[in-house]
Amino acid sequence: MFEKLRSAFSSAVNAFTERSLSESEINDLLNKFEMDLIESDVAYEVVKNISDDLRKALANEKVKRASDISELIAEKFKHSVEDIFVRAPTIDLLAQITQKNSTGQPYVVLFLGINGTGKTTSIAKLANLLRKKGLSVVIAAGDTHRAGAIEQLSEHADRLGVKVIAQRYGSDPAAVARDAVMNAKTHHVNVVIVDTAGRIQTSKNLMDEMAKIVRVVKPDLKIFVGDALAGNDAISQAKEFQSVTDFDGVILTKIDADARGGAALSITSVTGRPILYLGVGQEYDDLVPFDPSFFTSNLFNKKAIASSS
Ligand code: GDP
């Protein structure tokens, strides 16, 4: 009884509600979504990758109700983002330091980045964090180019009670770094943090200088400092440094002032390197370990749901 009617009815409903999304519906949704991501400082190549993934996934999905569409996009987007962070290796800094120190050697951290991004402040913050973990630190004043760089670093170090190894302006930063490593070996210091120049006459000179320091001191960890507020500029700077020194991880600064949030996603996606810490203010304690899942849910709640509904 009623089979025919029921089947006619159900096939009409199915045709309407269980069909795959049409290409133009997918396009409209994703175009808006792409714009929202770009406005959030997500680099274009990353936006493209994410939306291509979404496009493929959505083309194959049967969606039961219109309201499920935004949920589906949200879910797929979350996966794409998590994927980016999962692919980057994790680094346990304290375990690495312990391991290196057990061989009788200091652990050497090299800082890279353009002037103004927060490199000096981040060095001071990391020194502070390590001191609080009971580790001794020496800092090498490897920016021998920028007037005031050595004094600025020394001021932070004095406040933190950390020794700075410095030479004259214009001297070879690789030699300064080597001195600091020798000093640390002699005095059984756990960690050497090496500052570097953020600008020289040409970008090539800067990159050559970084490469030389790396050859001479063979750092255990190379950290690129990126300014979240610089958006896509931070990404191109990261790529340039990476092509020469292949850094291991990132400190992303000024997160406290960054309303957009896309830089974190882009920098990990484009470089394949993990964000180790976030700079969240101007005080020494304003350095927090980066938690991808916290970031994902935050980004997701604030941005993705709003933009896909
Ligand atoms: P450098 O030229 O890369 O060494 O940059 P500095 O360490 O001198 O920092 C440049 C400016 O950015 C300074 O005024 C810092 O106080 C500020 N700064 C650094 N990190 C942060 C951060 O995480 N949040 C905020 N709000 N400001 C920061």
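Ligands are counted one by one from 1 in listed order, and the atoms in each one are counted from 1 as well.
Using a 4.5 Å cut-off on side-chain heavy atoms (C-beta onward), I139 and V137 make contact. For the pair Y284/R159, a side-chain contact is recorded, criterion being any heavy-atom separation below 4.5 Å from C-beta on. Counting only heavy atoms from C-beta outward, the side chains of E283 and K125 never approach each other to under 4.5 Å. For the pair N183/H187, a side-chain contact is recorded, criterion being any heavy-atom separation below 4.5 Å from C-beta on.
In terms of hydrophobic clustering, with Ile, Leu, Val, Met, Phe, Trp and Tyr side chains grouped at heavy-atom distances under 4.5 Å, L153 and L126 are assigned to a common cluster.
Near I114, meaning under 4.0 Å from one of its heavy atoms, ligand 1 places the atoms 3 (O). Within ligand 1, counting atoms from 1 as listed, the ones closer than 4.0 Å to a heavy atom of G279 are 23 (O). Below 4.0 Å from some heavy atom of K119 lie the following atoms of ligand 1, by number and element: 1 (P), 3 (O), 4 (O), 5 (O), 7 (O). Proximity to V280 (heavy-atom distance under 4.0 Å) selects the following atoms of ligand 1: 23 (O).
Between G116 and ligand 1, a contact under 3.5 Å exists for at least one N or O pair. Geometrically, ligand 1 and N115 share no nitrogen or oxygen pair separated by less than 3.5 Å. Any N or O atom pair closer than 3.5 Å counts here, and T253 shares no such pair with ligand 1. Polar contact with ligand 1: absent for D286 (N/O pair, distance under 3.5 Å). At under 3.5 Å, not a single nitrogen or oxygen of I255, backbone or side chain, sits near a nitrogen or oxygen of ligand 1. Checking only distances, K254 does come within under 3.5 Å of ligand 1, N or O to N or O.
Of all the heavy atoms of H156, none lies under 4.0 Å from any atom of ligand 1, so neither backbone nor side chain is involved. By the criterion of a heavy-atom distance under 4.0 Å, both the backbone and the side chain of T117 are placed next to ligand 1. Of the heavy atoms in V225, none comes closer than 4.0 Å to ligand 1.
Within the 4.0 Å heavy-atom cutoff, G198 does not count among the residues contacting ligand 1.
Here atom 6 (P) of ligand 1 lies nearest to T121 when heavy atoms of T121, I251, L153, L229 are compared. The heavy atom nearest to atom 25 (C) of ligand 1, out of those in D256, T120, I123, is found in D256.
Minimum heavy-atom separation, V225 to S122: CG1-OG, 4.1 Å.
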If you look only at distance, which donor and acceptor atoms sit under 3.5 Å apart when one is on a side chain in residues 271-281 and the other is two or more places apart or in another chain?
{"residue": "T271", "atom": "OG1", "partner": "I267", "partner atom": "O", "Å": "2.6"}
{"residue": "T271", "atom": "OG1", "partner": "R273", "partner atom": "N", "Å": "3.1"}
{"residue": "R273", "atom": "NE", "partner": "F247", "partner atom": "O", "Å": "2.7"}
{"residue": "R273", "atom": "NH2", "partner": "D246", "partner atom": "OD1", "Å": "3.0"}

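Within 6.0 Å of atom NZ in K100, more than 12 heavy atoms from other residues, nucleotides or ligands are found, so the atom counts as buried in its surroundings.
With ring centers used as reference points, F111 lies 6.0 Å or more from F224.
Residues satisfying the side-chain contact (heavy atoms from CB on, under 4.5 Å) criterion with P219, sequence neighbours excluded, are V108, L110, V214, V217, K222.
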